[in-house]
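Step one of this worksheet: look at the structure below.
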Amino acid sequence: MRHLRKKELVLLMAQALLLSLFLCACGRTEEETEDPGLLLGFSQIGSESAWRIGNTRDIEEQAENYGISLMLENANQKQENQIAAIRRFIAYKVDVIAFSPIVEEGWDNVLEEAREAGIPVILVDRDISTDKEGLITCLIGADFYNEGKMAGEYLVRKADRLGLEHLNIVEITGTANSTPMLQRQAGFFDAIAGDERMTVLESIDGDFLKSRGAECMRYLLDTYGDSIDVVYSHNDEMTLGALPEIEKAGVNPGSDLIIISIDGGQEAIDVLKQGKINCVVECTPKLGRSLMETVLKLENGEQVEPLIHPTEQIFSDEQNTSLIAPRGY
Ligand code: AHR
C-alpha cells in the first residue's frame with residue numbers, strides 16, 4: 001500500500017512536470033492560459049453577396065462589443081461544410097451554436113447531436129424544415145414573406161400609377177429551397193394574386209449570385225425579348241448582375257423595364273438613386289446585436305423569444321431617394 005502511494009506520487013509529479021513543460025513550450029504559464037469565457041460557434045453560409053459579407057462583419061463586431069468569444073466558420077456555400085462545422089463546435093464544447101442554414105432540409109441528424117451534447121442552437125437569418133420538436137432554441141432573421149409581399153404591393157401601386165393594363169414579369173430567385181427564396185416568392189405571388197394585369201412568364205434560379213443573375217437575364221432576354229415588363233430579383237447581387245445585360249440589349253432598366261430588388265445594400269441604393277432600379281425592399285444583415293443578447297440570455301438561464309424579426313422598410317421611386325441615408329453594407 002505504502003509502495004503504491006509512492007508510485008502514484010511519482011506519477012503525479014511527472015504529470016505536473018510535463019504540463020508545465022508544455023505550457024512553457026506554448027510561451028505561457030498556467031496562470032496566463034486564457035479562458036475563452038462564453039464561447040459561440042457560428043457557421044456562416046459563405047460570402048456570396050455584399051449582404052452576407054455585411055452580416056459576417058456585424059456578427060464579428062457585436063461579438064467583440066458583448067465580450068463573447070466567436071468561433072466563426074465560412075462554409076463556402078456548401079451544406080456539408082456547415083454540418084462539419086457544427087460537429088466541430090460540438091466536439092469543442094462551445095456554449096452556444098448559431099448558424100445560417102443554406103437550405104431548409106437536411107439538418108435533423110446534426111442538430112440531434114447538438115441536443116444530446118446539451119448545446120443550444122440559434123438559427124440566424126434562415127429557417128430549417130423539420131418534424132422534430134426542440135432542435136432549435138430560436139430564429140433571429142428577416143420576415144422574408146413580408147419582403148416579397150412589400151415587393152408585390154409596390155408593383156401593384158406602380159401599375160396603378162402608370163395606368164398599365166398588362167405586365168409580364170420574370171422572377172430571378174435565390175438559392176432553391178432556401179427560406180428567403182421560398183418566402184420571397186410566396187409573399188410576392190400572394191400580393192399580385194387576383195390582379196389580372198399580372199402574368200409571371202418564368203421563375204429562374206439565380207442562386208443569389210451576381211454571375212448567375214447575369215446568366216439568367218441573358219437567357220430571359222433571349223427567350224422573351226421585349227415582352228418582359230418587370231424583373232423581380234430576390235437579391236441585389238443578382239439585380240446588379242442582370243442590369244448590364246439589360247442595357248447591352250438596348251433596353252433602359254428603370255424606365256423601359258420595372259426593376260425590383262431585395263436587400264438594400266449601398267450599391268443597389270446608388271443605382272436606385274440613378275433611376276435604373278425602381279424599388280429595393282430592405283433586408284437588414286445587422287442581426288449581430290440580437291444574436292449576442294440572446295446568447296447572453298441563454299447563458300443566464302433566461303427565457304428567449306422563439307422568433308425575432310428586425311423591422312424593415314422599402315426604398316423606391318415613390319420617395320425622394322436622395323434622402324436615403326448611407327446603408328453601411
Ligand atoms: O438570406 C438572406 C439572403 O442571402 C440575402 O438576401 C442575400 O443577399 C444573401 O445572400
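Quick note: residue numbers are just sequence positions, from 1.
No side-chain heavy atom of V231 sits less than 4.5 Å from a side-chain heavy atom of I260. Looking only at side-chain heavy atoms (C-beta outward), V281 and M150 come within less than 4.5 Å of each other. In this structure, the side chains of I228 and I246 stay at 4.5 Å or more apart for every pair of heavy atoms. Counting heavy atoms from C-beta on, the side chains of V271 and L243 come closer than 4.5 Å. Using a 4.5 Å heavy-atom threshold, the side chains of V304 and V295 count as separate. Residues I119 and D95 are not in side-chain contact: their nearest non-hydrogen atoms beyond the backbone lie 4.5 Å or more apart. Using a 4.5 Å heavy-atom threshold, the side chains of T294 and C138 count as touching. Using a 4.5 Å heavy-atom cutoff, the side chains of V280 and I314 are not in contact.
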Candidate pair F99 and L123, rule side chain to side chain contact (heavy atoms under 4.5 Å, CB included), full reasoning
CA-CA 5 Å; F99 76 114; L123 293 177; 3.5 Å; yes
Using salt bridge (charged side-chain N to carboxylate O under 4.0 Å, His left out), reason through K149 and D143 one step at a time and then give a plain yes or no.
CA-CA 10 Å; K149 191 161 159 276; D143 183 344; over 6 Å; no
Checking T173 against Y232 for the side chain to side chain contact (heavy atoms under 4.5 Å, CB included) test, could you report, in this order, the C-alpha distance in whole Å, the side-chain angles of both residues, the deciding distance, and whether it holds?
CA-CA 8 Å; T173 69; Y232 169 46; over 6 Å; no
With side chain to side chain contact (heavy atoms under 4.5 Å, CB included) as the test, would you mind laying out the steps for C283 and W51 before giving the verdict?
CA-CA 8 Å; C283 176; W51 189 100; 3.4 Å; yes
Given the rule in the side chain to side chain contact (heavy atoms under 4.5 Å, CB included) test, do I258 and L155 qualify, once you have shown the distances and angles that lead to the verdict?
CA-CA 8 Å; I258 299 170; L155 185 59; 4.2 Å; yes
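Side-chain heavy atoms closer than 4.5 Å link hydrophobic residues (I, L, V, M, F, W, Y) into clusters, and following such links, possibly through other members, connects I122 to L296.
Applying the salt bridge (charged side-chain N to carboxylate O under 4.0 Å, His left out) criterion to K132, with sequence neighbours excluded, gives E112. E318 is linked by a salt bridge (charged side-chain N to carboxylate O under 4.0 Å, His left out) to R157, R161, counting only residues two or more places apart in sequence or in another chain. In this view, D270 and Q266 satisfy the side chain to side chain contact (heavy atoms under 4.5 Å, CB included) rule, not counting sequence neighbours. Every residue meeting the side-chain hydrogen bond (donor to acceptor under 3.5 Å, both in side chains) condition with D236, not counting sequence neighbours, appears here in chain and number order: S261. Remark: A84 pairs with R88 by the side chain to side chain contact (heavy atoms under 4.5 Å, CB included) rule, at least two apart or across chains. Residues satisfying the side chain to side chain contact (heavy atoms under 4.5 Å, CB included) criterion with K273, sequence neighbours excluded, are I269, T321, I324. Considering only residues two or more places apart in sequence or on other chains, K210 meets the salt bridge (charged side-chain N to carboxylate O under 4.0 Å, His left out) condition with none of them. With sequence neighbours left out, the side chain to side chain contact (heavy atoms under 4.5 Å, CB included) criterion links N320 to S322, L323. Applying the salt bridge (charged side-chain N to carboxylate O under 4.0 Å, His left out) criterion to K78, with sequence neighbours excluded, gives no partner residue.
Paired with N55 under the rule side chain to side chain contact (heavy atoms under 4.5 Å, CB included), one option of D58, I59, I53 passes, and it is I59.
For the atom pair CD (E116) and CG (L111), the distance works out to 11.5 Å, reported to the nearest 0.5 Å. How far CD of E245 is from SG of C216: 10.5 Å, rounded to the nearest 0.5 Å.
Within a 6.0 Å sphere centred on CD of E305, heavy atoms belonging to other residues, nucleotides or ligands number 12 at most. Around CG of D226, the count of heavy atoms belonging to other residues, nucleotides or ligands within 6.0 Å does not exceed 12. Under a cut-off of 6.0 angstrom, the local environment of CD in Q274 is crowded, with over 12 non-hydrogen atoms contributed by other residues, nucleotides or ligands. Around CD of Q303, the count of heavy atoms belonging to other residues, nucleotides or ligands within 6.0 Å does not exceed 12.
Looking only at distances, a side-chain donor or acceptor of R126 sits under 3.5 Å from a matching main-chain atom of I102. The closest donor-acceptor contact from the side chain of E73 to the backbone of G41 lies at 3.5 Å or more, if one exists at all. At distances below 3.5 Å, not a single donor-acceptor pair connects side-chain atoms of N252 with backbone N or O atoms of S255. With hydrogens and angles disregarded, a donor-acceptor distance shorter than 3.5 Å links the side chain of S100 to the backbone of V124. The main-chain N or O of F144 is never found under 3.5 Å from a side-chain atom of R184 such that the two would form a donor-acceptor pair. In terms of modelled atom types and a separation under 3.5 Å, the side chain of N168 and the main chain of S227 share a donor-acceptor contact.
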Counting only pairs under 3.5 Å, give me each side-chain donor-acceptor contact of residues 63-70, with atom names and distances, residues two or more places apart or in other chains.
residue	atom	partner	partner atom	Å
N65	ND2	Q62	OE1	3.3
Y66	OH	E293	OE2	2.7
S69	OG	P36	O	2.5

Please table the atom pairs, donor to acceptor, closer than 3.5 Å between any side-chain atom in residues 188-209 and protein atoms at least two apart or in another chain.
residue	atom	partner	partner atom	Å
D190	OD2	Y145	OH	2.5
D195	OD1	R197	N	3.1
D195	OD1	R197	NE	3.0
D195	OD2	R197	NH2	2.8
R197	NH1	D160	OD1	2.9
R197	NH2	D160	OD1	3.0
T199	OG1	H166	NE2	3.1
E202	OE1	Y219	OH	3.0
E202	OE1	Y224	OH	2.6
E202	OE2	Y219	OH	3.2
S203	OG	E171	OE1	2.5
D205	OD1	D207	N	2.8
D207	OD1	T175	OG1	2.8

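In this model, a donor atom of one side chain and an acceptor atom of the other lie less than 3.5 Å apart for T130 and D108. In this model, no donor atom of one side chain and acceptor atom of the other lie less than 3.5 Å apart for D263 and S49. Residues E312 and N146 have side chains that never bring a donor and an acceptor to within less than 3.5 angstrom of each other.
Considering every non-hydrogen atom in both G264 and Y329, the closest pair reads O-OH, 3.3 Å. Closest approach of P285 and G54 over heavy atoms only: CB-C, 4.2 Å. Closest non-hydrogen pair, L257 versus N278, comes out as O-OD1, 3.6 Å. I259 and K276 get closest at one heavy-atom pair: CG1-O, 3.5 Å.
Here ring-ring contact (aromatic ring centres under 6.0 Å, His included) pairs that include residues 284-312, with residues two or more places apart or in two chains, number zero.
With salt bridges taken as basic N to acidic carboxylate O contacts below 4.0 Å, none links R52 and E237. Salt-bridge check for R218 with E215: failed, with every basic side-chain N at 4.0 Å or more from each acidic carboxylate O.
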